[in-house]
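Below you'll find the structure, written out as structure tokens, and then a few comments.
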Amino acid sequence: MRSHSRRNFIKTSVAAGAGAVLIPDIVSASVSRKSESALAGKKVLYVYGGWEGHEPKQSVDLFVPWLRSQGADVKVSDSLDAYLDEELMDSVDLIVQIWTMGTITGEQEKGLLAAVKKGAGLAGWHGGIGDSFRNNVEYQFMVGGQWVAHPGGVIDYTVHVGDQTDPVTKGLNDFAMHSEQYYMQVDPNVKVLATTKFSGEHSAWIDGCIIPVVWKKYYGDGRVFYSSLGHVMKDFEVPEALEIMQRGILWAAESKYQPKEKWLSPVYGG
């Protein structure tokens, strides 16, 4: 089951042995024109590594050329030691991380947390930031959620776009995915933009549960954007999945330059 809103595609090469990923040649007028991009002139740190099943190296081949096409000055690092470089961390406007099931030292985590708290944006997807460092609760507090299960593995499911006014999801409709459906523990104060409903086919006790798929939040003064879509790079052949991620990156990149958005909408009322 796949999205019905297909567009024209071009082939973009990824790392050897991974084949090719089909990418929309026109994603959106709002993000495809370099002259209009919120990334123009921004300093971006792209950090990748961890579990290879989530294709961190292939993600570099997919996202870094796009970031540069938007005018970003991108530094790519395959080491968490990038977070130890105080001068670098003070200068970045945006951090994009894909690092699943890793271990981060106290000093590395401190550098990352401090940069975001002071105003650098953070953007990522799936396990790349949503299942990175399982023993680091302050890191999870920053991201706003943590993966706990994907019942059934790779399955067909629907993403419901619940917010039609936010720039990240404006104009997008519900769409189908064939991938891992992430069941997550989520901060109730994130701004949820899209959700998914679980069936009881693989875990009967969660039948009908609705879990956020896309959200944004703040950690200190830093914008944080997360999408649970993107188990492998082929998932971004779904136009909506790619567009949401690109729009989210653009939003996070403006962290130091735009007024703070105000929302506080806890699920639990008193």
Where the side chain of Q140 meets the backbone of R134, is there a donor-acceptor pair that is under 3.5 Å apart?
-> yes
Within a reach of under 6.0 Å around CZ of F141, are more than 12 heavy atoms found that belong to other residues, nucleotides or ligands?
-> no
Kindly write out the residues that satisfy side-chain hydrogen bond (donor to acceptor under 3.5 Å, both in side chains) with S227, not counting sequence neighbours, or none if the list is empty.
-> none
dist Q181:CD -> S199:OG (nearest 0.5 Å) comes out at 7.0 Å
Under 3.5 Å: donor-acceptor pair, side chain of D93, backbone of K43 = yes
Using 4.0 Å as the upper bound for N to carboxylate O, is an ion pair formed by E55 and K234?
-> no
Would a 4.5 Å heavy-atom cut-off, applied to side chains only, mark Y83 and Q97 as touching?
-> yes
Considering all heavy atoms, the nearest A123-M245 contact | CB-CE, 4.2 Å
Indicate the ring-plane relationship of H54 and H126, choosing parallel, tilted or perpendicular according to the 30° and 60° boundaries.
-> perpendicular
Let me know which of V143, V148, T100 forms a side-chain contact (heavy atoms from CB on, under 4.5 Å) with D131.
-> T100
Grab the two heavy atoms, one from S59 and one from I98, that are nearest each other, plus how far apart they are.
-> OG-CG2, 3.3 Å
Any donor and acceptor pair, going by atom type alone, linking the side chain of W66 with main-chain N or O of R68 inside 3.5 Å?
-> no
Between CG on residue N135 and OG1 on residue T103, distance to nearest 0.5 Å = 7.0 Å
State yes or no: do I104 and M142 share one hydrophobic cluster built from I, L, V, M, F, W and Y residues joined by side-chain heavy-atom distances below 4.5 Å, directly or via other members?
-> yes
Backbone of K216 reached by a side-chain donor or acceptor of R223 within 3.5 Å = no
Does some side-chain heavy atom of M177 sit less than 4.5 Å from a side-chain heavy atom of E240?
-> no
Tightest non-hydrogen contact, residues S255 and G222, listed as OG-CA, 3.4 Å
I129 vs Y139 side-chain heavy atoms within contact, under 4.5 Å | yes
Side-chain ion pair, K57 and E52, N-O less than 4.0 Å = no
Main-chain N/O of V47 paired with S77 side-chain donor or acceptor, under 3.5 Å = no
So ring-ring contact (aromatic ring centres under 6.0 Å, His included) across residues 183-213, not counting sequence neighbours, yields Y183-F198
For L172 against V168, the heavy-atom pair lying closest together = CD1-O, 4.0 Å
Does the N136 side chain pair with the main chain of E138, one donor and one acceptor, at a distance under 3.5 Å?
-> no
Between Y48 (side chain) and Q58 (backbone), is there a donor-acceptor pair under 3.5 Å?
-> no
State yes or no: do Y219 and L45 share one hydrophobic cluster built from I, L, V, M, F, W and Y residues joined by side-chain heavy-atom distances below 4.5 Å, directly or via other members?
-> yes
Pair W125 and F63, ring centroids less than 6.0 Å apart | yes
Do W251 and E261 pass the side chain to side chain donor-acceptor pair (under 3.5 Å) test, and can you show the C-alpha distance, the side-chain angles, and the key distance before you say yes or no?
-> CA-CA 11 Å; W251 175 80; E261 297 177 13; 2.8 Å; yes
T158 backbone acceptor or donor facing T196 side chain under 3.5 Å = yes
Between K110 and T105, is there a donor-acceptor pair closer than 3.5 Å when you use the side chain of the first and the backbone of the second?
-> no
In the single-linkage hydrophobic clustering (I, L, V, M, F, W, Y; side-chain heavy atoms under 4.5 Å), do L250 and V64 co-cluster?
-> yes
What heavy-atom pair brings V190 and V186 nearest, and what distance separates the two atoms?
-> CG2-CG1, 3.8 Å
If you group Ile, Leu, Val, Met, Phe, Trp and Tyr by side-chain heavy-atom gaps below 4.5 Å, do Y157 and I244 land in one group?
-> yes
Quick one: does Y46's side chain get under 4.5 Å of K75's, heavy atoms only?
-> no
Supply the atom-to-atom distance F236 CZ to E243 CD, rounded to the nearest 0.5 angstrom.
-> 13.0 Å
Using a 4.5 Å cut-off on heavy atoms from C-beta on, say whether the side chain of V44 contacts that of I249.
-> no
Within a radius of less than 6.0 Å around CD of Q185, do more than 12 heavy atoms belonging to other residues, nucleotides or ligands occur?
-> no
Greater than 12 external heavy atoms within 6.0 Å of K256's NZ | yes
With rounding to the nearest 0.5 Å, note down the distance linking NZ in K197 to CG in D207.
-> 9.0 Å
Derivation of the side-chain contact (heavy atoms from CB on, under 4.5 Å) call for N189 and K217 = CA-CA 8 Å; N189 287 322; K217 68 181 293 286; over 6 Å; no
Separation between CG of L67 and CG of L62, rounded to the nearest 0.5 Å = 9.5 Å
Report the C-alpha distance between V214 and D163 in whole Å, list the side-chain angles of each, state the deciding distance to 0.1 Å, and finish with yes or no for side-chain contact (heavy atoms from CB on, under 4.5 Å).
-> CA-CA 10 Å; V214 180; D163 191 319; over 6 Å; no
Would you indicate whether E86, at its atom CD, is surrounded by more than 12 heavy atoms from other residues, nucleotides or ligands within a distance under 6.0 Å?
-> no
Spell out, as yes or no, whether a donor-acceptor pair under 3.5 Å connects the side chain of D174 to the backbone of V161.
-> yes
State, with a plain yes or no, whether a side-chain heavy atom of M184 is found less than 4.5 Å away from one of W215.
-> yes
Does E109 reach the side chain of F133, with side-chain heavy atoms less than 4.5 Å apart?
-> no
Over all heavy atoms of both residues, which pair between P151 and S203 is shortest? Give the atoms and the distance, please.
-> CB-OG, 3.7 Å
hydrophobic_cluster_shared for V232 and I155, side chain cutoff 4.5 Å | no
Under a 4.5 Å cut-off applied to non-hydrogen side-chain atoms, are K118 and M89 in contact?
-> no
